[in-house]
**Student:** 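Please see the structure below; I have some questions.
As a basis for the values below, the full set of heavy atoms in this structure was taken, side chains included, without hydrogen atoms, waters or symmetry mates. Starting from 1, each residue takes its place in the sequence as its number. Since this is a predicted model, take the numbers as computed values, not measurements.
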Amino acid sequence: MLGDITIMQVQQGAASAQGREWDWFVHERNIEVRSILDGQGIAYARIRFVATATSATSQVFLSKSDNVGDWAASAGTCPRPTGLPGRPRLHRR
């Protein structure tokens, strides 16, 4: 699910047994959420949106265990973001 969540919810989710089984996707500029997940030893994928004339393409950073890699487009496009989100956004499954 993509949505607005609070930092408290991220901390609680990351500390839970269930949260350790989620696939975490975090926007590349969201240092606060990345720091929480790093502190808990939880793996996550970095995502970003690359604007086009009418939309944006979502990309995921693909890397090896040494964190060397490159950005790759995920399938499809999404509506162009209208600005920075007010709260952290992440994907939980």
**Student:** Working to the nearest 0.5 Å, report the span between CG of Asn30 and CZ of Arg46.
**Tutor:** 12.5 Å
**Student:** Minimum heavy-atom separation for Arg34 and His27, please, with both atom names.
**Tutor:**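 Result for this residue pair: CD-O, 4.0 Å.
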**Student:** Decide side-chain contact (heavy atoms from CB on, under 4.5 Å) for Ile47 and Val26; before the verdict, give the C-alpha distance in whole Å, the side-chain angles of both, and the deciding distance to 0.1 Å.
**Tutor:** CA-CA 6 Å; Ile47 61 170; Val26 182; 6.0 Å; no
**Student:** Would you kindly say whether Tyr44 and Asp23 are connected by a side-chain donor-acceptor distance under 3.5 Å?
**Tutor:**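 Their side chains do not contain a donor-acceptor pair, so the 3.5 Å distance test is not met.
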**Student:** With rounding to the nearest 0.5 angstrom, report the CD to CD1 distance, Glu32 to Ile7.
**Tutor:**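 Glu32 atom CD to Ile7 atom CD1 measures 3.5 Å (nearest 0.5 Å).
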**Student:** If you round to the nearest 0.5 Å, how far is CD of Gln59 from CZ of Arg48?
**Tutor:**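 Arg48 CZ to Gln59 CD: 4.5 Å, rounded to 0.5 Å.
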**Student:** In Å and rounded to the nearest 0.5 Å, what is the CZ to OG distance from Phe25 to Ser58?
**Tutor:** 10.0 Å
**Student:** Among all residues two or more places apart in sequence or in another chain, which pass the side-chain contact (heavy atoms from CB on, under 4.5 Å) test with Ile42?
**Tutor:** Ala14, Arg20, Trp24, Leu37, Gln40
**Student:** Can you name the side-chain contact (heavy atoms from CB on, under 4.5 Å) partners of Gln12, sequence neighbours left out?
**Tutor:**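 side-chain contact (heavy atoms from CB on, under 4.5 Å) list for Gln12, sorted by chain: Met8.
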